[in-house]
Enquirer: 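Have a look at this one.
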There are 2 protein chains.
Amino acid sequence: MSETTPEPRSFLIADDHPMVRDALRAALSQAFPGAAICAAASLGEAQAGLEGQPETDALLLDLDMPGMEGLTGLALLRSDWPTVPIIVVSAARDARMARRTYDLGASAYVDKSASLEEIAATVRAVLDGEVIAPPAVEDGDTFAQRATQLTPQQWRVLALMVQGDQNKQIAYKLGVGEATVKAHVTVILRKLGVRSRTQAVIEARSLSLPTV
Amino acid sequence: MSETTPEPRSFLIADDHPMVRDALRAALSQAFPGAAICAAASLGEAQAGLEGQPETDALLLDLDMPGMEGLTGLALLRSDWPTVPIIVVSAARDARMARRTYDLGASAYVDKSASLEEIAATVRAVLDGEVIAPPAVEDGDTFAQRATQLTPQQWRVLALMVQGDQNKQIAYKLGVGEATVKAHVTVILRKLGVRSRTQAVIEARSLSLPTV
DNA sequence: CACGCCCTCATACTTTAGTCGAAGGCGCCG
DNA sequence: CGGCGCCTTCGACTAAAGTATGAGGGCGTG
């Protein structure tokens with residue numbers, strides 16, 4: 001509260017590129033002295049980091065990371081830890097991509113070519129509770145919007161579908177019955193507006209790519 | 001035969017970017033005076049162009065084009081017109097990608113940052129019958145190699161699978177029975193070393209992306 | 001507490017996917 | 001020419017995917 005003794009912050013940096021990780025870490029430690037900064041190089045490590053530190057003030061998330069599979073991983077993290085603000089740090093300076101991450105609940109979107117000062121400023125704004133809306137993109141990219149209707153468990157199912165798992169494997173990995181998985185799949189397909197598992201996987205994986 | 005009166009050449013440029021198309025056209029028309037140069041902006045147009053001009057001397061093919069779906073379109077063209085040399089013109093300067101296109105039967109691989117002179121030289125070499133092997137990449141990228149085992153009809157089936165079509169639709173589009181398509185799918189899955197349609201689609205679509 | 005939402009699961013059913021065996025065409029080679 | 005291999009085609013069969021309906025329990029909210 002006091003301006004002279006700011007409470008210590010805790011961050012989690014998720015990026016598989018060591019150089020980027022160090023740069024972000026340096027920027028944060030300079031902008032927020034005494035901050036606790038953790039790092040993760042994959043979606044799994046990021047999940048583990050949040051598991052051990054659920055009070056993380058902000059997650060800086062790279063989209064092109066093992067296990068992310070496009071924006072599926074973002075939505076997955078967002079579903080499991082809805083209170084942790086996520087700042088997407090992507091290599092692509094694409095307004096549509098920014099819009100998609102916004103639709104999926106990201107608090108901000110910065111591209112890697114931005115200066116560290118800009119990134120620090122963005123983080124500061126997010127810590128103040130701001131949600132940085134992307135420049136209005138009036139495109140008909142309805143898939144990402146439809147995807148926001150998915151529940152957390154449905155996101156987990158979709159994430160495994162996207163990896164090529166079949167219902168039986170998904171049931172085992174999630175510790176539920178196959179009938180349950182099938183029920184989820186049915187709802188997922190309806191919500192996404194597709195007619196088959198294959199189409200759902202195609203669209204979900206295409207989320208992170210430029211629109212063809 | 002005679003050096004003073006070179007026979008007229010015919011080329012097909014397939015790229016959805018008008019600027020690139022014009023640049024390539026200019027380069028070719030300068031390097032090969034009197035050449036007949038056609039253009040296509042999608043996989044379908046490229047197929048139509050080859051249909052009407054099967055004696056094309058070389059196809060300059062962009063990978064990021066509507067309908068291509070990664071390297072699937074390349075293999076499709078290669079299967080349907082095995083005698084037409086294909087020169088891949090890609091935006092990505094990636095040795096692995098070059099290797100994959102080589103495995104799939106491309107005669108050469110140049111990236112768009114190359115000068116028009118380099119491209120013209122490459123085309124000339126290909127017209128002389130050369131196949132420009134990529135720098136040795138000793139990685140275990142076996143999927144593209146496995147994919148070369150597919151027959152032309154199997155490639156057509158896979159191309160439609162990758163678009164999300166189901167067997168019944170594929171059968172209709174190819175003018176065969178559904179049982180036939182199923183038989184092809186079975187062989188495709190075995191040749192690709194995967195165990196489900198979804199996995200095959202994931203891998204086929206990932207062919208054009210950097211290895212995760 | 002009643003209501004809605006999510007997760008869970010079972011049962012039964014329809015549709016799609018995938019496997020197996022087999023037949024005919026076609027080129028190649030001894 | 002007869003055999004051989006490959007491609008294509010297909011029907012019958014088994015497995016998986018997807019739908020419909022119903023039901024029970026947990027959890028937050030007015």
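In what follows, every chain begins at residue 1, and chains take the letters A, B, ... in the order their sequences are listed.
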Enquirer: Just so I know, are the side chains of B:Phe32 and B:Leu127 near enough to count as touching, which here means a heavy-atom distance under 4.5 Å?
Expert: yes

Enquirer: Out of curiosity, B:Leu76 CG to B:Trp155 CH2, how far, rounded to the nearest 0.5 Å?
Expert: 8.5 Å

Enquirer: So what does A:Thr151 touch, heavy atoms closer than 4.0 Å: a base, only the sugar-phosphate, or nothing?
Expert: sugar-phosphate

Enquirer: With a 4.5 Å cut-off on side-chain heavy atoms, are A:Ile87 and A:Leu61 touching?
Expert: no

Enquirer: Mind calculating the distance between CG (A:Leu158) and P (D:dA17) to the nearest angstrom?
Expert: 15 Å

Enquirer: Which nucleotide wins on minimum distance to the side chain of A:Val185, given the candidates D:dG18, D:dA20, D:dT9?
Expert: D:dG18

Enquirer: Of all nucleotides in DNA chain C that come within under 4.0 Å of a heavy atom of chain B, which is furthest toward the 5' end and which toward the 3' end?
Expert: C:dT16 to C:dT19

Enquirer: Rounded to the nearest 0.5 Å, what separates atom CE in B:Met161 from atom CD in B:Gln169?
Expert: 12.5 Å

Enquirer: How many Å lie between NE2 on B:His184 and P on D:dG11, as a whole number?
Expert: 13 Å

Enquirer: Can you list the residues that meet the side chain to side chain contact (heavy atoms under 4.5 Å, CB included) rule with B:Ala39, with sequence neighbours excluded?
Expert: B:Arg21, B:Arg25

Enquirer: Please tabulate the protein-to-nucleotide N/O contacts below 3.5 Å involving nucleotides 24-28 of chain D, giving atom names and distances.
Expert:
none

Enquirer: Take atom CE of A:Met161 and atom C1' of D:dG18, then tell me their distance rounded to the nearest Å.
Expert: 11 Å

Enquirer: Using whole Å, what does the distance between atom C1' of nucleotide D:dA17 and atom CZ of B:Arg195 come to?
Expert: 15 Å

Enquirer: Atom CD of B:Gln47 and atom OG of B:Ser42: how far apart are they, to the nearest 0.5 Å?
Expert: 8.5 Å

Enquirer: Quick check on contacts: within residues 166-180 of chain B, what sits under 4.0 Å from DNA chain D by heavy-atom distance?
Expert: B:Val176, B:Gly177, B:Ala179, B:Thr180

Enquirer: What pairs meet the ring-ring contact (aromatic ring centres under 6.0 Å, His included) rule with one or both residues in residues 51-80 of chain B, with sequence neighbours excluded?
Expert: none

Enquirer: Can we say A:Arg124 and A:Asp128 salt-bridge, meaning some charged N sits less than 4.0 Å from an Asp/Glu carboxylate O?
Expert: no

Enquirer: Which residues pass the salt bridge (charged side-chain N to carboxylate O under 4.0 Å, His left out) test with B:Arg197, sequence neighbours left out?
Expert: none

Enquirer: Specify the separation, in whole Å, of atom CD of B:Gln154 and atom P of D:dT9.
Expert: 10 Å

Enquirer: Determine whether A:Leu60 and A:Asp15 make a side-chain contact, defined as any pair of heavy atoms from C-beta on separated by less than 4.5 Å.
Expert: no

Enquirer: Tell me if a side-chain donor or acceptor on B:Gln154 pairs with a main-chain N or O of B:His184 at a distance below 3.5 Å.
Expert: no

